[in-house]
Engineer: 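A single structure is presented below for examination.
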2 protein chains.
Amino acid sequence: MTADARYEHMAMIMKAMAHPTRLFILDKLNEKEHCVCELQEMIGADMSTVSKHLSVLKNAGIIDNRKQNNMVFYSLLCPCVLDFYQCIVKIK
Amino acid sequence: MTADARYEHMAMIMKAMAHPTRLFILDKLNEKEHCVCELQEMIGADMSTVSKHLSVLKNAGIIDNRKQNNMVFYSLLCPCVLDFYQCIVKIK
DNA sequence: ACAGTAATTGGCTATTTTGCCAAATAGCCA
DNA sequence: TGGCTATTTGGCAAAATAGCCAATTACTGT
């Protein structure tokens, strides 16, 4: 993997996280898995909007999902992404 | 600071980092400070483009600068932002 | 099969981001 | 002052992103 490709890959993952709603979602999934409707309730946006946020995180490889009955539960694959929070609070 | 404001703030900082060129810049500044012209040489883009990338990082509070003669040297304020790299390489 | 709930997808518009060029600013040296 | 280099800023067009609505898919229970 070239250096360029590595920066592209990292940027893709960071871009996936770089949204207030998606950071909120990651925080919630760090506690336990949630279905889309639970997250929608907490966020208050349209369900399609929440679903699209989730697919951004899934495409980046940060979260995964499983189907149960007619619901889809999402879970956090890499809890380490949240370690970043400690660094960020030190900024400014 | 409300939870919403915290997510906004974190997203702003992550968005500032979420670009291949800006991640490259942070990597270089982690070794030592650099002037804009040195970074431009390494990156190969227009100097105005590099300057704008730098101002995005500066506005986010991640880097700082100092003037020396007619050059501007940039330096990394929060090396901890690079700790994130170790987490990202584990993804996918 | 039918109705109901959960989720995703397509389409659309508004907003933001990106990166170039050109112009403006600032500091150096002769 | 004038010319040179380094940097920033404004403006613009292309591309990406966000979030809503409507339509579709999928699974449940009757």
Side-chain angles (χ1 to χ4, degrees), chain A residues 4-5 7-29 32-77, chain B residues 4-5 7-26 28-29 32-76:
Chain A
D4 271 13
Y7 287 121
E8 288 281 353
H9 182 237
M10 287 199 295
M12 188 266 290
I13 290 169
M14 300 209 64
K15 196 152 54 172
M17 294 181 65
H19 188 288
T21 301
R22 294 199 288 267
L23 289 173
F24 174 84
I25 289 172
L26 292 177
D27 240 5
K28 290 302 168 190
L29 297 185
K32 65 184 180 75
E33 66 172 14
H34 285 285
C35 65
V36 184
C37 57
E38 286 170 333
L39 293 168
Q40 193 231 337
E41 181 102 17
M42 294 187 268
I43 293 166
D46 196 276
M47 177 169 283
S48 70
T49 300
V50 176
S51 179
K52 278 176 184 172
H53 281 311
L54 288 164
S55 75
V56 169
L57 292 170
K58 182 151 190 292
N59 287 335
I62 305 173
I63 65 176
D64 198 8
N65 64 12
R66 69 180 179 88
K67 283 169 213 238
Q68 181 181 328
N69 300 331
N70 59 341
M71 289 184 282
V72 179
F73 284 86
Y74 282 87
S75 55
L76 187 56
L77 277 180
Chain B
D4 270 14
Y7 287 120
E8 289 281 352
H9 182 236
M10 286 199 296
M12 186 268 290
I13 290 168
M14 299 207 65
K15 194 153 55 171
M17 293 180 64
H19 188 287
T21 300
R22 294 198 288 267
L23 289 173
F24 173 84
I25 289 172
L26 292 177
K28 289 304 168 188
L29 296 185
K32 65 184 178 76
E33 67 172 12
H34 284 285
C35 65
V36 185
C37 57
E38 285 170 335
L39 293 168
Q40 192 231 339
E41 179 103 17
M42 294 187 268
I43 293 166
D46 195 276
M47 177 168 282
S48 71
T49 300
V50 176
S51 179
K52 277 175 184 170
H53 281 311
L54 288 165
S55 76
V56 169
L57 292 170
K58 183 151 189 292
N59 287 335
I62 305 173
I63 64 176
D64 198 9
N65 64 13
R66 68 178 180 89
K67 283 171 212 236
Q68 180 180 331
N69 300 330
N70 58 340
M71 289 184 282
V72 179
F73 283 87
Y74 282 87
S75 55
L76 188 57

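Since the model is a prediction, treat every value here as computed from it, not as a measurement. All chains are named by letter (A, B, ...) in the order of the sequence lines, taking the proteins before the strands, and each is independently numbered beginning at 1. For the numbers below, each heavy atom of this structure counts, side chains included, while hydrogens, waters and symmetry mates do not.
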Engineer: Once you round it to whole Å, what is the distance between P of D:dT8 and CE of B:M47?
Structural biologist: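 It is 8 Å, rounded to the nearest whole Å.
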Engineer: Given atom CD1 of A:I43 and atom P of D:dC20, what is their separation to the nearest angstrom?
Structural biologist: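 It works out to 11 Å between those atoms.
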Engineer: Just call it for B:M71: base, sugar-phosphate, or nothing, with non-hydrogen atoms closer than 4.0 Å on any strand.
Structural biologist: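 If one applies the 4.0 Å heavy-atom cut-off, B:M71 turns out to touch the sugar-phosphate alone, with no base involved.
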Engineer: What is the distance from NZ of B:K58 to C1' of D:dT8, rounded to the nearest Å?
Structural biologist: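 Roughly 12 Å, once rounded to whole Å.
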Engineer: Using heavy-atom distances to pick each residue's nearest nucleotide on DNA chain D, tell me which of B:C35 and B:K52 is more 5'.
Structural biologist: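 Whichever sits nearer the 5' end wins; that is B:C35.
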Engineer: Tell me, please, which residues at least two apart from B:N65 pass side-chain contact (heavy atoms from CB on, under 4.5 Å).
Structural biologist: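 Scan of B:N65 (side-chain contact (heavy atoms from CB on, under 4.5 Å), adjacent residues dropped) gives B:K58, B:V72, B:Y74.
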Engineer: B:S48: which residues meet the side-chain contact (heavy atoms from CB on, under 4.5 Å) condition with it, sequence neighbours left out?
Structural biologist: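 Checked B:S48 against side-chain contact (heavy atoms from CB on, under 4.5 Å); matches are B:D46.
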Engineer: Please name all residues satisfying side-chain contact (heavy atoms from CB on, under 4.5 Å) with A:K15, sequence neighbours left out, ordered by chain then number.
Structural biologist: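 For A:K15, the residues satisfying side-chain contact (heavy atoms from CB on, under 4.5 Å) (neighbours in sequence not counted) are B:A18.
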Engineer: Rounding to a whole Å, what distance do you find between A:F73:CZ and C:dT5:P?
Structural biologist: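 From A:F73 CZ to C:dT5 P: 17 Å.
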Engineer: Under 4.0 Å between a side-chain N or O of A:Y74 and OP1 or OP2 of C:dA6?
Structural biologist: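 Answer is no, no contact under 4.0 Å.
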Engineer: Between atom CG in B:N59 and atom C1' in C:dT18, what is the gap in whole Å?
Structural biologist: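 One finds 16 Å between C1' of C:dT18 and CG of B:N59, rounded.
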Engineer: Would you tabulate the nitrogen or oxygen pairs shorter than 3.5 Å linking the protein to nucleotides 13-18 of chain D?
Structural biologist:
unit_1, atom_1, unit_2, atom_2, d
D:dT17, OP1, A:K15, NZ, 3.4
D:dA18, OP1, A:R22, NH2, 3.3
D:dA18, OP2, A:R22, NH1, 3.3

Engineer: Considering only residues two or more places apart or on different chains, which pairs with a residue in residues 66-75 of chain B satisfy salt bridge (charged side-chain N to carboxylate O under 4.0 Å, His left out)?
Structural biologist: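 Passing the test, one end in residues 66-75 of chain B: B:E33-B:R66.
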Engineer: Ignoring hydrogens, what is the shortest heavy-atom contact between A:A16 and A:I62? Give both atom names and the distance.
Structural biologist: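 Here A:A16 and A:I62 meet closest at CB-CD1, 4.3 Å.
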Engineer: Is DNA chain C part of any stem, that is, at least 3 consecutive Watson-Crick or G-U pairs with both distances under 3.5 Å, and where?
Structural biologist: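 Listed by first number, the stems are C:1-30 with D:1-30.
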Engineer: For a side-chain contact (heavy atoms from CB on, under 4.5 Å) check, start with the C-alpha distance between A:I63 and A:L26, then their side-chain angles and the critical distance, and finish with the verdict.
Structural biologist: CA-CA 8 Å; A:I63 65 176; A:L26 292 177; 3.9 Å; yes
Engineer: Residues two or more places apart in sequence or in another chain: which of them pass side-chain hydrogen bond (donor to acceptor under 3.5 Å, both in side chains) with B:H9?
Structural biologist: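 For B:H9, no residue satisfies side-chain hydrogen bond (donor to acceptor under 3.5 Å, both in side chains) once neighbours in sequence are set aside.
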Engineer: I need the CD-C1' distance between B:E41 and D:dA6, as an integer number of Å.
Structural biologist: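 Spelled out: CD on B:E41 to C1' on D:dA6 is 13 Å.
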Engineer: Provide, to the nearest angstrom, the distance between the CD1 atom belonging to B:I63 and the P atom belonging to D:dT7.
Structural biologist: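 Going from CD1 in B:I63 over to P in D:dT7 covers 13 Å.
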Engineer: Indicate for each nucleotide in nucleotides 25-30 of chain D, in 5' to 3' sequence, whether protein heavy atoms under 4.0 Å reach the base (B), only the sugar-phosphate (S), or nothing (-).
Structural biologist: --BS--
Engineer: Return the minimal non-hydrogen interatomic distance between A:M71 and A:C37, and the atom names on each side.
Structural biologist: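 For A:M71 and A:C37, the tightest heavy-atom pair comes out as SD-SG, 4.3 Å.
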Engineer: How would you list, by chain and number, every residue that makes a side-chain hydrogen bond (donor to acceptor under 3.5 Å, both in side chains) with A:D27, sequence neighbours excluded?
Structural biologist: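 side-chain hydrogen bond (donor to acceptor under 3.5 Å, both in side chains) list for A:D27, sorted by chain: B:Y7.
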Engineer: Rounding to an integer number of Å, can you tell me how far A:R66 CZ sits from C:dA7 P?
Structural biologist: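 Atom CZ in A:R66 sits about 12 Å away from atom P in C:dA7.
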Engineer: Once side-chain hydrogen bond (donor to acceptor under 3.5 Å, both in side chains) is applied, do any residues pair with B:E38, and if so which ones, sequence neighbours excluded?
Structural biologist: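 B:H34.
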Engineer: Among all residues two or more places apart in sequence or in another chain, which pass the side-chain contact (heavy atoms from CB on, under 4.5 Å) test with A:H53?
Structural biologist: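 Expected list: A:H19, A:T21, A:R22, A:I25, A:T49.
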Engineer: Determine the contact category for B:S48: base if any of its heavy atoms lies under 4.0 Å from a base atom, sugar-phosphate if only primed atoms, P, OP1 or OP2 are that close, otherwise nothing.
Structural biologist: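 Answer is base: heavy atoms of B:S48 come under 4.0 Å of a base.
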Engineer: Show the nearest heavy-atom pair for residues B:L29 and B:L76, with the distance to one decimal.
Structural biologist: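 Result for this residue pair: O-CB, 3.9 Å.
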